[in-house]
Amino acid sequence: MKRLRRTFFNRSTLIVAEELLGKILVFKNHKGIITETEAYMGFDDPASHAARGKTKRTEIMFGPPGYSYVYLIYGLYHCLNVVTEKEGFPAAVLIRGLLVQDQKTGKDIHLDGPGKICRYLGITTQDHNKIDIVKNEDFYVGCVKKTLGFKTTSRIGIRVGQDKLWRFVGEF
DNA sequence: ACCCCGATCGTA
DNA sequence: ACGATCGGGGTT
């Protein structure tokens, strides 16, 4: 499958978040259609982990685009992001929705939530943080010709930064 | 060393 | 509405 290159991720995070809708996430033997994303970017976004500067956890968000950022939330769940924008500007897109076909049952499963996605795919901070998904053989985003319609809303699960409509929900 | 809190999810 | 569960990051 043709895959997204670094130039795709080296753009405005809002554009990347929107255009990731309908693309295919490939992880090992799994494939799924991305149905929901959120943007986190810059120093004026209080909901972003990286808004108050670089730390050991968030340094990947300051790095070059096209890398995974996987973090543990509430001590229980992992969340997958893809780093966006030029090196030095902290930004990433959170993958919140994925439509997969279960390999045992053949049934469609809508993984609606970032924790569910990582749990289903087996993505962890320990094993899958800071991976270059532009180069990796079994962790990348594939191109798709179709683009989905979408809506924007405020982001889920945050207390600050709710004024920004940076959640992108695909219509499929 | 200590404390608070969180980009969630399942159950009630 | 709430508890589970733990690492990050700021403060002492």
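In what follows, every chain begins at residue 1, and chains take the letters A, B, ... in the order their sequences are listed.
Taking only side-chain nitrogens and oxygens, A:T55 never comes nearer than 4.0 Å to OP1 or OP2 of C:dG8. Listed pair A:R167 / B:dA7 fails the phosphate criterion, with no side-chain N or O lying under 4.0 Å from OP1 or OP2. In this model, the phosphate group of B:dG6 is not approached by any side-chain N or O of A:R155 to a distance below 4.0 Å at OP1 or OP2. Within the structure, every side-chain polar atom (N or O) of A:R119 is placed at least 4.0 Å from both OP1 and OP2 of B:dC9. Under 4.0 angstrom from either OP1 or OP2 of C:dG7 there lies no side-chain N or O belonging to A:K56.
A salt bridge links A:R96 with A:E38: the distance from a Lys NZ or Arg NE/NH1/NH2 to an Asp or Glu carboxylate oxygen falls below 4.0 Å.
Of the possible polar contacts, one joining the A:E85 side chain to the A:T13 backbone as a donor-acceptor pair under 3.5 Å is found.
If you check every strand for non-hydrogen atoms under 4.0 Å, A:R57 touches sugar and phosphate atoms only. Nucleic acid contact for A:L76: base, since at least one base atom lies under 4.0 Å from a heavy atom of the residue. When heavy atoms are screened at a 4.0 angstrom cut-off, A:L94 is found touching base atoms of the nucleic acid. Within the nucleic acid shown, A:R52 has no heavy atom closer than 4.0 Å to any nucleic acid atom. At a threshold of 4.0 angstrom between heavy atoms, the contacts of A:G115 are confined to the sugar-phosphate backbone, with no base atom among them.
For A:Y74, the side-chain atoms get nearest to C:dT5 when compared with the rest of C:dT5, C:dG9, B:dC9. Closest to the A:S48 side chain, of the nucleotides B:dT8, B:dG6, B:dA7, is B:dA7. Counting only heavy atoms from C-beta on, A:L72 has its side chain closest to C:dC6 among C:dG9, C:dC6, B:dC5. Looking at the side chain of A:R159, the nearest of the listed nucleotides C:dG9, B:dT8, B:dG6 is B:dG6. Here the nucleotide nearest the side chain of A:K116, chosen from B:dC9, B:dC5, C:dG9, is B:dC9.
Once the 5.5 Å centre distance and the 30° plane angle are applied, the aromatic ring of A:Y40 is found stacked with the base of B:dA7.
Protein atom CG of A:N129 is 13 Å distant from nucleotide atom C1' of C:dG8, rounded to whole Å. Here B:dA7 presents its P atom at 17 Å from CD1 of A:I95, a figure rounded to the nearest Å. Separating the OH atom of A:Y71 from the C1' atom of B:dG6 is a distance of 9 Å, rounded to the nearest angstrom. We find that CD1 of A:I156 is positioned 16 Å from P of B:dG6, with the value rounded to whole Å. Protein atom OH of A:Y77 is 15 Å distant from nucleotide atom P of C:dG3, rounded to whole Å. The CZ-C1' distance, from A:R96 to B:dC9, rounds to 11 Å in whole Å. Straight-line distance from the CD1 atom of A:I73 to the C1' atom of C:dC6: 11 Å, rounded to whole Å. As rounded to whole Å, 18 Å separates atom C1' of B:dC9 from atom OH of A:Y120.
Between A:F62 and A:F43, the ring planes lie tilted relative to each other; the angle falls in the 30° to 60° range.
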For DNA chain B, what string of dots and brackets results from 5' to 3' when Watson-Crick and G-U pairs need both distances under 3.5 Å, crossing pairs get [ ], and pairs with another strand get |? ||||||.||||.
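Counting non-hydrogen atoms of neighbouring residues, nucleotides and ligands closer than 6.0 angstrom, the CZ atom of A:R6 exceeds 12 such neighbours. By the 6.0 Å contact criterion, CD on A:E171 is enclosed, its count of non-hydrogen atoms from other residues, nucleotides or ligands being greater than 12.
For the side chain to side chain contact (heavy atoms under 4.5 Å, CB included) test, residues two or more places apart in sequence or in another chain that qualify with A:T105 are A:D102, A:K107.
Figure legend: cation-pi geometry between A:R11 and A:F8, with NZ or CZ positioned under 6.0 Å from the six-membered ring centre and within 45° of its axis.
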Show, in sequence, the C-alpha distance, side-chain angles and deciding distance for A:H110 and A:F172, and conclude whether the ring-ring contact (aromatic ring centres under 6.0 Å, His included) test is met. CA-CA 11 Å; A:H110 193 204; A:F172 61 98; 5.3 Å; yes
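A continuous path of Ile, Leu, Val, Met, Phe, Trp and Tyr side chains, each step under 4.5 Å between heavy atoms, connects A:I117 with A:V93, placing both in one hydrophobic cluster.
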